[in-house]
Amino acid sequence: MWNYSYSFADAMLAIVLMAHYFSMPRANTRTNRTFLQLLGMHIGTLAADMLATYADESYAILPAFWLYILNMAFFMLYLARAYWFFRITCDILHLHPEKHRRMLLASSSVFLMCGFITLSSVFTGAVFRIGANGYSRGPFYHILYACWLFYLALGVVLLFRRSGAVNPYQFFSVLGYHLILLAGNVARFLLPQYLIMGAFCLMAILQIYLVFENPDLYLTTRRIAFNATALRDELADIVSGKQPFHILAFAIQNYVDTRGIYGGMQMDRGVDMIARYLNKNFLGYRVFYLRNGCFALLGPRNSVMWDVILGKITDRFQQPWVADDVELYLAVAFVSVDSDSAPASSDKVVNSLISALSHASQAEDGKIEAVDIRELEREADVKRALAHSLAENKLEVFLQPLIDSVTRQPVAAEALARIRDASGNLISPSTFVPIAERTGKINILGEQVLQKTCRFIRDHDLDSMGISWINVNLSPAQCMKGDLSDRFLSILSENGVSPACIRLEITEQSVADISLMESHIEKLRMSGFNFSLDDYGSGYSNLGRVNQYPFVNIKLDMEIVWDYFHDQNQLLPSMVKAFKEIGYSVTAEGIESAEMADALSAIGCDYLQGFYFSKPLPMDKFVETYSRA
Ligand code: C2E
Ligand code: MG
Ligand code: MG
């Protein structure tokens, strides 16, 4: 009565699949482990099905005991396979056992219940019976279908609810194997004598294999090491399990140029040799090749071995890598990531690692650089806030008074940019100005600050606040834009503001095009702007260059002001004296107490700025505080 032909074909294909699967290195991910279990379960079910069917046919010569055992084994494996298909769907949809424990436990209860009813069949005959005429179905036989349908339905519901966790191709693949399995159940129901369910299950397994589990997805093209996707997926499991980890990565310095020197084939060989060396020497650590000469080793966090590994790799790179009689001399730069500094997303870890590696590979020396991913995340938040503030013109300008050291009355103010994060908290310009400089947003930022300052001057009577001008910071990076001076002049003229009301503060940083900067400064000065040298003494300043620019004022950096206040050496007074003799006025920043104000006034500073007098204030608050009644 029974037809085994599907089962034989199924078994042959399953063997080919398994042989291929086992011959390749496999990434250590949860989905992968579940897939292996599913494959094992499938082969087990297939064997049990054929043996049980054979036993059922041979009931006359076999003891009932064997019929019970084989049928029981088959039914249990059959139910387990349904449950394991569901489990792999959960893995594919990134439902983590730790995070979704309750849901996953609840869903396993259906499998356990059906399993229990099946096992009880020995006494109750619920699912099957072994009688005088051999095997027959019991009244609860259809719980087999119920179990399958439950898991298929739940799988599809979860797929729709978590469709964001997969891409459209993966989405339809998951839906596809659910439909295949549903069709298998229908076929089995209609044609029970053909043992056809296994063939449908194998189709579904093949589908999962091709889309999600093909070992090639996790290997580099020459199959010599695991790739960045493997690192990301393995890390995803580790991160979701909150296990501590450590990654030591390194990049071949100037990989592209080096490839040009030695040739692509040789470099590929070299890369293979390095991968082999790592795999051989650091057993127990996972080795990944992240393209372009970047390797990563993943392992437990508190391993004392990391320093040893670093030392060994460094030593090894002192020697050449010999590929086809060509000696490759390669230098490497290291980057490390620790779970302490890593956030919840493995994707971010891998992306940050790759960008840190590409950065390190360009560096001059191959020092180890520790990547603080939280820091990178914060930087991304600041970038977002900056882009948003500039696009929406939401940048705020605060004003801090500059106090005349003799009268102790405000004479001017400094305009200081402020932006807010998503929760409305102020972000310091020390954080966002360097980012704006790096990303080229400094130009628009500078223009918006100037625009808002000019509007303030246009709408308010500076005299009534006792001030004569407002200092606006000009980053040297802004001077790299060809039309800077024209833009500044047109902003002033749009608002009808005289350049005499604005003083530009500039720090003396090295810039790419010094002549362009000089020509802007010259043009702006000719148009009536005054310049202050900001942050004098902060490390950038070069006394010889001070004279080259047309400054009218030198602002002493807080650091040297504080240093002077703490150990009253003669350096600062002599410097102030010298500046004044040449004709500069001098401003001391960072005045935080009456004593500091007195001390800095005593050595001849003309203007004082600091929290002792006032913190930077929002514009309306500034007007309120300083307007004379
Ligand atoms: P800066 O131009 O040297 O500005 C002075 C900084 O010192 C301000 O910090 C101010 O709040 C702070 N400060 C003033 N008095 C005291 C004090 O008594 N104690 C302490 N601890 N700090 C004091 P802020 O506003 O955070 O600005 C930081 C830097 O960001 C500025 O340094 C400036 O270089 C830059 N920046 C601010 N706004 C702009 C802007 O619109 N354009 C450009 N290019 N840079 C800006
Ligand atoms: Mg300044
Ligand atoms: Mg300053």
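Just so you know, ligand 1 is whichever comes first in the structure, and atom 1 is the first atom listed for that ligand. Computed from a predicted structure; not experimentally measured.
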Donor-acceptor pair between Thr587 and Asn553 side chains, under 3.5 angstrom: yes

Asp421 side chain to Gly424 backbone, donor-acceptor under 3.5 Å: yes

Quick check: does any side chain N or O of Glu396 sit under 3.5 Å from a backbone N or O of Pro618, one acting as donor and the other as acceptor? no

ring-ring contact (aromatic ring centres under 6.0 Å, His included) with Phe250: which of Tyr255, Tyr289, Phe334? Phe334

Under 4.0 Å from ligand 1 - residues by heavy atom, chain and number: Gln400, Glu414, Leu416, Ala417, Arg418, Ser428, Pro429, Ser430, Val433, Ile442, Leu445, Val449, Asn473, Ser475, Gln478, Glu505, Asp534, Asp535, Met558, Trp562, Glu589, Gly590, Ile591, Glu592, Gly610, Phe611, Pro616

Arg408 atom CZ, neighbour heavy-atom count above 12 within 6.0 Å: yes

More than 12 heavy atoms of other residues, nucleotides or ligands under 6.0 Å from CZ of Arg458: is that the case? yes

The Mg ion (ligand 2) - closest N/O/S atom in Glu414: OE2

Only counting residues at least two apart or in another chain, list the ones meeting ring-ring contact (aromatic ring centres under 6.0 Å, His included) with His246. Trp306

Considering only residues two or more places apart or on different chains, which pairs with a residue in residues 433-443 satisfy salt bridge (charged side-chain N to carboxylate O under 4.0 Å, His left out)? Glu379-Arg438

Tell me whether Asn473 has at least one N, O or S atom under 2.8 Å from the Mg ion (ligand 2). yes

At a cut-off of 2.8 Å, what protein N/O/S atoms sit near the Mg ion (ligand 3)? Asp534 OD1, Asp535 OD1, Glu589 OE1, Glu589 OE2

Go through Gln451 and Asn495 one step at a time and tell me if the side chain to side chain donor-acceptor pair (under 3.5 Å) criterion holds. CA-CA 8 Å; Gln451 178 70 261; Asn495 289 284; 3.0 Å; yes

Mind checking whether Asn473 and Glu414 have side chains closer than 4.5 Å, heavy atoms only? yes

